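First comes the structure, then the notes that go with it.
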Amino acid sequence: MNKLESKQVNFYYGSSHALKDINLAIEANTVTALIGPSGCGKSTYLRLFNRMNDLISDTRLTGEVIIDGVNIYKKGINVDNLRKMTGMVFQKPNPFPKSIFENVAYGLRVNGITDKKFIEERVETTIKQVVLWDEVKDKLKKSAFELSGGQQQRLCIARAMAIQPSVILMDEPTSALDPISTSKVEELIHELKTKYTIVIVTHNMQQAARVSDHTAFFYLGELVEYGVTKQIFTNPNVERTQNYITGRFG
Amino acid sequence: MAIDENKITRSKKRNQSIAFCVFAVIGFLIVAILVTVLSFIVIKGIGVINWDFITKMPEDGMTKGGIYPAIIGTLCLVGGSMIFAFPIGVMAAICMNEYVKDGILKKIIKQMTNNLSGVPSIVFGLFGMALFVNKLGFGDSILAGSLTLGLLALPVVIRTTEEALKAVDDTFRHASLGLGATTWQTTRNVVLPIAFPNIITGLILSVGRVSGETAPILFTVAAYFLPKLPTSIFDQAMALPYHLYVLSTSGTNIEESRPIAYGTALVLIIIVLLTNILANILRKYFSKKVKMN
Ligand SMILES: Nc1ncnc2c1ncn2[C@@H]1O[C@H](COP(=O)(O)OP(=O)(O)O)[C@@H](O)[C@H]1O
Ligand SMILES: [Mg+2]
């Protein structure tokens, strides 16, 4: 069954039509890259899946956004609970003004978990999952701001994973990082795939080609082409996709 | 037609030096005015300032002695007004910035807050007299004066807190909400700690604004001459700005109390300056602390 799906989705900021008739189905445990020029609606599309667009006033959605077969915009959905099913990672590392430990524990605490032992174990396993443990195990009580940018971003990924969502949404997660940190995050994405369904927005074509199984090309609010990454990058069906990938515009 | 490169360069250079001169003169003027005012007060007032001046009661029809009760009165009023304005102002700003969605209601409230901060302070004084002194029966008292000053400070506190909250990047909110946190959990655990240094700065700046006001306390608390300290919030009190006003307009002997008037002005300026310095120190301290926690 498809993990994520959008059917005939249209999204409007006021009168501006940001997403046009988007139909897309994403399989579980795959990495899907969203590519396209700035302002084409990639972030807007990503934010549909944790209903972050709800926070922006004067917006409108038509169509269905589906996770695990359930339309998450139907009446009676508990948005706080829904958001726990997805973890989000942002363009700039944005750890909370707390200790390294508390950053990862945050999601557990706000969801009412108080068992100290449980929290400690979960924090440790999660930080190990993002391959950060050896670097921070001696300074868990220190401020997260003391870490390097790349470490902060891996910490933010850990923060998103600590409540064990099944989907991870990443909005240009490496665009503020140096090449070494970037490749660490990419390796991580590769490993996380076995457990999570990952959707990643990226401006970096090589990155999309390296990390993703499927690629969706957006242009001016439309989904121009969607398919297996290899095929999109070697033999796209639409000329515009070809032009974008080869850097002729965008 | 050939373009005369040299001519363009010359005219650019000339404009540049004219602009530089104008700004230099303006800059100099501003500094000069400030220095003149300050040094005028300092020179005239420094002579009377000593330990007795700030710890003794006024004597001989306020031509001798100190201004102790006025200093204490002002501190009480500033403290009292903040106890009132700070929690309400911060909560109002949180409500406006974190909860109310953009729309007509928000616009109206915003406009009202802005209008409120443009209302002349004497109007606040009259309002305070009508409501707190008479209607609620607090009489001329520290309570009535503090509430009136608090009202005056409220728009400043709301606005600076709102600015501080707005400066917090939305991705922090999204990251927290994305983990299933409620808006309140997000505000309390993430947004407020980040905004705190700037909120504190705003608070202290409004202290500076409040401590120099005369009109709002005129009809609500200020005593012409009261050579004892207040013992409860229902007592009247002296206050520095009003004391200064009295000394310079309606004292028993205006000429003789002139030096004391300048001394009072100097003390008032020092208090405001100290609060501003304190604001800076606290902001730096808390910015560091936010990063450490
Ligand atoms: N909060 C917002 N309010 C109004 N318009 C927005 C908002 N966010 C994005 N948009 C508009 O929606 C379009 C898609 O933006 P976005 O999803 O951020 O694109 P991308 O992530 O592909 O660069 C753009 O035209 C942008 O200007
Ligand atoms: Mg974007």
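Not measured: the values here are computed from a predicted model. Numbered from 1 within each chain, the chains take letters A, B, ... in sequence-line order.
Per-residue heavy-atom pair counts under 4.5 Å with chain A were compared for B:Asp170, B:Asn189, B:Thr182, and the maximum is reached by B:Asn189.
Atom CZ of B:Arg159 has 12 or fewer heavy atoms from other residues, nucleotides or ligands within 6.0 Å. By the neighbour-count criterion of 12 heavy atoms within 6.0 Å, atom NZ of A:Lys139 is densely surrounded, having more than that number from other residues, nucleotides or ligands. Counting heavy-atom neighbours within 6.0 Å of A:Lys195 NZ, excluding the residue itself, gives a total of 12 or less. Counting non-hydrogen atoms of other residues, nucleotides and ligands closer than 6.0 Å to NZ of A:Lys92 gives a total of 12 or fewer.
Looking at A:Pro95, only its backbone comes within 4.5 Å of chain B, counting heavy atoms on both sides. For A:Arg159, the parts lying near chain B are the backbone and the side chain together; criterion is any non-hydrogen pair under 4.5 Å. Only the backbone of A:Asp54 comes within contact range of chain B, judged by heavy atoms closer than 4.5 Å.
Shortest non-hydrogen contact noted between A:Ser57 and B:Lys101 is CB-CD, 4.5 Å. Considering all non-hydrogen atoms of both residues, B:Ile194 and A:Pro97 come closest at CG1-CG, 3.4 Å. Considering all non-hydrogen atoms of both residues, B:His174 and A:Met52 come closest at O-CE, 3.1 Å. Across all their heavy atoms, B:Ala181 and A:Asp80 have their closest contact at O-OD1, 3.9 Å.
With hydrogens and angles ignored, the 3.5 Å screen pairs no side-chain donor or acceptor of A:Asn50 with any backbone N or O of B:Leu179.
Note that the CG atom of A:Asn94 and the CZ atom of B:Arg173 stand 12.0 Å from one another [nearest 0.5 Å]. Residue B:Thr186 holds its OG1 atom at 7.5 Å from CZ of A:Phe96, rounded to the nearest 0.5 Å. Atom CZ of A:Arg51 sits about 13.0 Å away from atom CG of B:Leu177, to the nearest 0.5 Å.
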